[in-house]
Protein chains: 2
Amino acid sequence: MEPSLEAEIGRLHAAVCSALSDPKRIAILYALHEGPKNVTELTELLELNQATTSRHLKILRDRSLVETQRDGVHIYYSLADERVIEALDLLRGVLASALERRKTLAEVMTVRT
Amino acid sequence: MEPSLEAEIGRLHAAVCSALSDPKRIAILYALHEGPKNVTELTELLELNQATTSRHLKILRDRSLVETQRDGVHIYYSLADERVIEALDLLRGVLASALERRKTLAEVMTVRT
DNA sequence: CTGATATATTCGCATATGCGAATATATCTT
DNA sequence: AAGATATATTCGCATATGCGAATATATCAG
């Protein structure tokens, strides 16, 4: 009785999405979009605790959103797939539109008060 | 001392993404992409508990990913922004590529064993 | 091998999330 | 108003997630 393949894909799809559900991880992905960076650089750039950076990177790595390349004592992380940034940009656009709609609504309501 | 606007946007961006981080909610969004549906229809289509459906819809509504329209005793939900589907499709593509890479790797390793 | 630096993992703990059952609310019909 | 149906909310509870501190591991220099 294997759980339906479709359900399994749904779970994996959600796992990829949930990698994006944290502000720090989104910031990491955008930072890597500028170019590869090692853990220390990311830690300083995003003002995170080193353990926190490492844990977030593990989550992104496990879901194949980032790749690593060792250079001596440093480990450089880079984006594994640019489409992640495209998706993030689309969703940021969705957010912007939603906020715009709410703002307009708020203004209309304010005028009538 | 308002917390930086940038940080607040990051949190909202993550909130939108985290709405996608559940298989049931992803299924709801794809179902609504086919056309508006009421809560009962979604509940049956996705084989969910009615309370569960309602709670998921509230999460999507709060983040402005879906809209509602009342029709008598029914409430019809629809997609608020098609870009959500575009983003989901992109991320599904990312997942597919990642699985493909792993599969290839697994095959190579199997041959060598 | 030893010390220094970079990165990863583990451990508690606090908070967040998802669920079904039960209950509340809203709308329509009669 | 009363019953029927649709939807939303609340309540416990179980599991998941994020965090900093501490610790472990890996790599390099000497």
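Nothing here was measured: the structure is a model prediction, and the numbers come from that model. Here is how names work: the chains are called A, B, and so on, in the same order as the sequence lines, proteins then strands, and each is numbered from 1.
Of the charged side-chain nitrogens involved, at least one lies within less than 4.0 Å of a carboxylate oxygen, so that A:Arg11 and A:Glu8 count as a salt-bridged pair. Salt-bridge annotation for B:Arg101 and A:Glu67: present, with a side-chain N of the basic residue lying under 4.0 Å from a carboxylate O of the acidic one.
What separates CG of B:Asn38 from P of C:dT27 is a distance of 16 Å, to the nearest Å. Protein atom NE2 of B:His74 is 6 Å distant from nucleotide atom P of D:dA6, rounded to whole Å. Rounded to whole Å, the distance from CD on A:Glu41 to P on C:dT5 is 17 Å. The distance from atom OH of B:Tyr77 to atom C1' of D:dT7 is 8 Å, rounded to the nearest whole Å.
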*Please report the C-alpha distance between B:Ile75 and B:Asn38 in whole Å, then the side-chain angles of each, then the deciding distance to 0.1 Å, and finally whether the side-chain contact (heavy atoms from CB on, under 4.5 Å) criterion is met.*
CA-CA 5 Å; B:Ile75 297 182; B:Asn38 64 45; 5.8 Å; no
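Each of B:Val84, B:Leu65, B:Leu79 was scored for a side-chain contact (heavy atoms from CB on, under 4.5 Å) with B:Leu60, with one residue passing: B:Leu65.
Of the residues in residues 51-67 of chain A, A:Ala51, A:Ser54, A:Arg55, A:Lys58, A:Arg61 come within less than 4.0 Å of DNA chain C through at least one heavy atom, sorted by number.
Contacts of B:Val39 with the nucleic acid, taken as non-hydrogen atoms under 4.0 Å apart, involve only primed sugar atoms and P, OP1 or OP2.
Remark on DNA chain D: of its neighbouring residues A:Lys24 and A:Arg70, the 5'-side contact belongs to A:Lys24, judged by nearest-heavy-atom nucleotide.
Which of D:dA21, D:dT7, C:dA6 sits closest to the side chain of A:Asn49 comes down to D:dA21.
On a pure distance criterion of 3.5 Å, no polar donor-acceptor pair joins the side chain of A:Gln50 and the base of C:dA6.
Within the 4.0 Å cut-off from OP1 or OP2 of C:dT5, not a single side-chain nitrogen or oxygen of A:Thr40 is found.
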